**Student:** 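Please see the structure below; I have some questions.
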Amino acid sequence: MTALRVAVTGAKGRMGAEVCRAVEAADGLELVAQVDQGDSLDALADAGAQVVVDFTHPGVVMDNLEYAVTHGIHAVVGTSGFSPDRVDTVRGWTDANPGVGVLIAPNFGIGAVLMMQFAAKAARYYESAEIVELHHPNKVDAPSGTARRTAELVAEARAAAGLGAMPDATTDDPDGARGATVDGIPVHAVRLRGLVAHQEVLLGDAGEMLTIRHDSFQRTSFMPGVILGVRRVGSVPGVTLGLEHYLDLD
Ligand SMILES: NC(=O)C1=CN([C@@H]2O[C@H](COP(=O)(O)OP(=O)(O)OC[C@H]3O[C@@H](n4cnc5c(N)ncnc54)[C@H](O)[C@@H]3O)[C@@H](O)[C@H]2O)C=CC1
Ligand SMILES: O=C(O)C1=N[C@H](C(=O)O)C[C@H](O)C1
């Protein structure tokens with residue numbers, strides 16, 4: 001069997017370096033290009049990459065993706081910063097290049113995917129919902145992509161259940177202590193030495209509270225999801241948002 005030719009963009013970063021190790025260790029995958037800042041994207045096509053894995057920066061990921069899709073290279077994307085507008089733009093590129101698959105996964109941790117799905121399932125039963133994401137202090141963006149996507153999923157579930165605004169009497173918050181709001185859901189970001197990637201979804205109702213929490217203690221926790229994405233993305237044309245679509249969760 002011929003090995004699947006895989007390239008990594010952001011190869012020298014915290015995640016990219018881990019992905020290079022995981023691809024090299026995986027059966028049936030061959031690491032053919034490692035691209036980082038300053039390198040030409042032509043290294044991807046020149047190496048005959050069939051799949052590129054991108055863990056770079058929200059400011060550069062769109063250029064990388066446009067290059068990949070227009071060169072017929074499938075993409076597995078972990079980089080954060082994917083607003084609904086950005087996802088639509090990528091969909092425009094895949095529509096123009098049928099057969100190319102792009103997986104955009106806000107979080108490749110299987111437990112994190114389950115945490116998001118459980119939160120969306122539970123959200124309709126609770127009057128209040130808030131998200132607390134906690135990360136290492138080198139993270140450049142806030143709130144995290146995972147927290148944004150969780151908020152979107154929780155908001156969709158609340159709307160489908162006909163839930164209205166959450167109870168909150170705050171009228172005086174000059175320092176923004178109530179945090180950010182994503183699709184109507186309060187999101188709080190913690191940056192702390194010693195952390196990797198963690199999230200709690202807090203759901204409250206009269207006399208009770210449900211906390212759904214996930215912790216990634218090491219970046220190896222993301223690798224089974226990344227490798228699954230690499231193996232599957234070529235058989236799923238178009239844009240897929242979220243690793244849950246590659247898992248049999250029902
Ligand atoms: N979806 C998921 O499961 C996860 C997503 N992430 C996301 O992945 C991204 C990267 O995170 P880290 O690895 O911690 O960051 P990092 O800063 O350690 O690595 C980013 C790498 O990208 C490189 N880079 C910058 N511009 C580039 C360009 N134009 N072309 C190629 N490489 C370029 C940098 O030099 C650096 O080596 C972030 O957006 C983060 O939120 C991180 C962990 C898990
Ligand atoms: O920057 C990180 O570290 C992480 N980024 C992703 C995000 O923004 O959600 C995924 C995970 O939380 C780790």
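Computed from a predicted structure; not experimentally measured. Whatever order the structure lists them in is the order used to number ligands and atoms, beginning at 1. The analysis underlying the following values was restricted to heavy atoms, covering all of them including side chains, and did not include hydrogens, waters or symmetry mates.
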**Student:** Any idea which protein heavy atom is nearest atom 14 (O) of ligand 1, and the distance to it?
**Tutor:**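 Its nearest protein heavy-atom neighbour is Arg14 NE, 3.0 Å.
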**Student:** In ligand 1, which numbered atoms sit nearer than 4.0 Å to a non-hydrogen atom of Asn107?
**Tutor:**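 It comes down to these atoms of ligand 1: 1 (N), 2 (C), 3 (O).
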**Student:** Show the short N or O contacts, below 3.5 Å, that ligand 2 makes with protein N or O atoms; if there are none, say 'none'.
**Tutor:**
from	atom 1	to	atom 2	distance (Å)
ligand 2	1 (O)	Lys139	NZ	2.9
ligand 2	3 (O)	His136	NE2	2.9
ligand 2	5 (N)	Lys139	NZ	3.2
ligand 2	8 (O)	Lys139	NZ	2.7
ligand 2	8 (O)	Gly145	N	2.8
ligand 2	9 (O)	Gly145	N	3.2
ligand 2	9 (O)	Thr146	N	2.7
ligand 2	9 (O)	Thr146	OG1	2.5
ligand 2	12 (O)	His135	NE2	2.6

**Student:** Do we see a donor-acceptor contact under 3.5 Å between the side chains of Asp85 and Ser83?
**Tutor:**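 No, because no side-chain N or O of Asp85 sits under 3.5 Å from a partner of the opposite role on Ser83.
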**Student:** May I ask you to decide if Gly176's main-chain N or O and Asp173's side chain share a donor-acceptor pair within less than 3.5 Å?
**Tutor:**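 Looks like yes, one N/O pair under 3.5 Å.
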**Student:** Verify, without hydrogens or angle tests, whether Asn107 (side chain) and Thr146 (backbone) share a donor-acceptor contact under 3.5 angstrom.
**Tutor:**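 Not a single qualifying donor-acceptor pair exists.
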**Student:** Looking only at heavy atoms, is any part of Phe222 under 4.0 Å from ligand 1, and if so is it the side chain, the backbone, or both, or is it neither?
**Tutor:**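 The side chain, only.
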**Student:** Charged N to carboxylate O under 4.0 angstrom, Arg21 versus Glu18?
**Tutor:**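 So Arg21 pairs with Glu18 through a salt bridge.
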**Student:** Counting non-hydrogen protein atoms only, what is the nearest one to atom 1 (N) of ligand 1? Give residue, atom name and distance.
**Tutor:**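 That would be Ala105 O, 2.9 Å.
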**Student:** So if I count the atoms of ligand 1 from 1 in the order they appear, which ones are less than 4.0 Å from some heavy atom of Gly78?
**Tutor:**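 Per the distance check, 1 (N), 2 (C), 4 (C), 5 (C), 6 (N), 7 (C), 8 (O).
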**Student:** Which protein heavy atom lies closest to atom 33 (C) of ligand 1, and at what distance to 0.1 Å?
**Tutor:**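 Nearest neighbour among protein heavy atoms for atom 33 (C) of ligand 1, to 0.1 Å: Gln37 N, 3.5 Å.
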**Student:** Indicate yes or no: at least one non-hydrogen side-chain atom of Phe217 is less than 4.5 angstrom from one of His198.
**Tutor:**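 Contact flag for Phe217/His198 side chains = yes.
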**Student:** Pick one of side chain, backbone, both or neither for how Val60 approaches ligand 1, counting any non-hydrogen atom pair under 4.0 Å.
**Tutor:**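 Looking at Val60 and ligand 1, just side chain atoms fall under 4.0 Å.
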**Student:** Among Ser80, Gly59, Gly13, which one has a heavy atom closest to atom 38 (C) of ligand 1?
**Tutor:**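 The nearest heavy atom belongs to Ser80.
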**Student:** Can you find a side-chain donor-acceptor pair between His188 and Glu130 that sits under 3.5 Å?
**Tutor:**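 His188 vs Glu130: donor-acceptor pair found between side chains.
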**Student:** Ignoring hydrogens, just give me the one of Thr9, Thr79, Asp141, Thr56 whose non-hydrogen atom is nearest atom 10 (C) of ligand 1.
**Tutor:**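 Looking at heavy atoms only, Thr56 sits closest to atom 10 (C) of ligand 1.
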**Student:** Contact between Thr150 and Gln199 at the side-chain level, heavy atoms closer than 4.5 Å - yes or no?
**Tutor:**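 When only atoms from C-beta onward are counted, Gln199 and Thr150 do touch, with a gap below 4.5 Å.
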**Student:** Does Asp88 pair with Arg86 as a salt bridge, N-O distance under 4.0 Å?
**Tutor:**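 Salt bridge between Asp88 and Arg86, a charged N being under 4.0 Å from a carboxylate O: no.
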**Student:** Regarding Arg148 and Asp183, does a basic nitrogen lie under 4.0 Å from an acidic carboxylate oxygen?
**Tutor:**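 Asp183 and Arg148: not salt-bridged.
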**Student:** What residue and atom, counting heavy atoms only, is the protein's closest point to atom 35 (O) of ligand 1, and at what distance?
**Tutor:**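 Its nearest protein heavy-atom neighbour is Asp36 OD1, 2.5 Å.
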**Student:** Using a 4.0 Å heavy-atom cut-off, which part of Ala197 comes near ligand 1: side chain, backbone, both, or neither?
**Tutor:**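 It is neither part, as no heavy atom is under 4.0 Å.
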**Student:** Are there over 12 heavy-atom neighbours, none belonging to Arg124, within less than 6.0 Å of that residue's CZ?
**Tutor:**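 Open.
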**Student:** Give me the residue, atom name and distance of the protein heavy atom closest to atom 3 (O) of ligand 1.
**Tutor:**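 Here the closest protein heavy atom is Phe108 N, 2.8 Å.
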**Student:** To the nearest 0.1 Å, how far is atom 13 (O) of ligand 1 from its closest protein heavy atom, and which atom is that?
**Tutor:**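 For atom 13 (O) of ligand 1, the nearest protein heavy atom is Met15 N, 2.9 Å.
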**Student:** Among protein heavy atoms, which lies nearest atom 8 (O) of ligand 1, and at what distance?
**Tutor:**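 Result: Phe55 CD2, 3.3 Å.
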**Student:** Tell me which protein heavy atom sits closest to atom 2 (C) of ligand 1, plus the residue, atom name and distance to 0.1 Å.
**Tutor:**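 It is Pro106 O, 3.6 Å.
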**Student:** Should His57 be counted as touching ligand 1, given the test is an N or O pair under 3.5 Å?
**Tutor:**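 No, no N or O pair falls under 3.5 Å.
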**Student:** Any side-chain donor paired with an acceptor under 3.5 Å for Glu133 and His135?
**Tutor:**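 Yes.
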**Student:** Would you mind listing which atoms of ligand 1 come within a distance below 4.0 Å of any non-hydrogen atom of Lys139?
**Tutor:**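 Listed by number with element, the hits are 41 (O).
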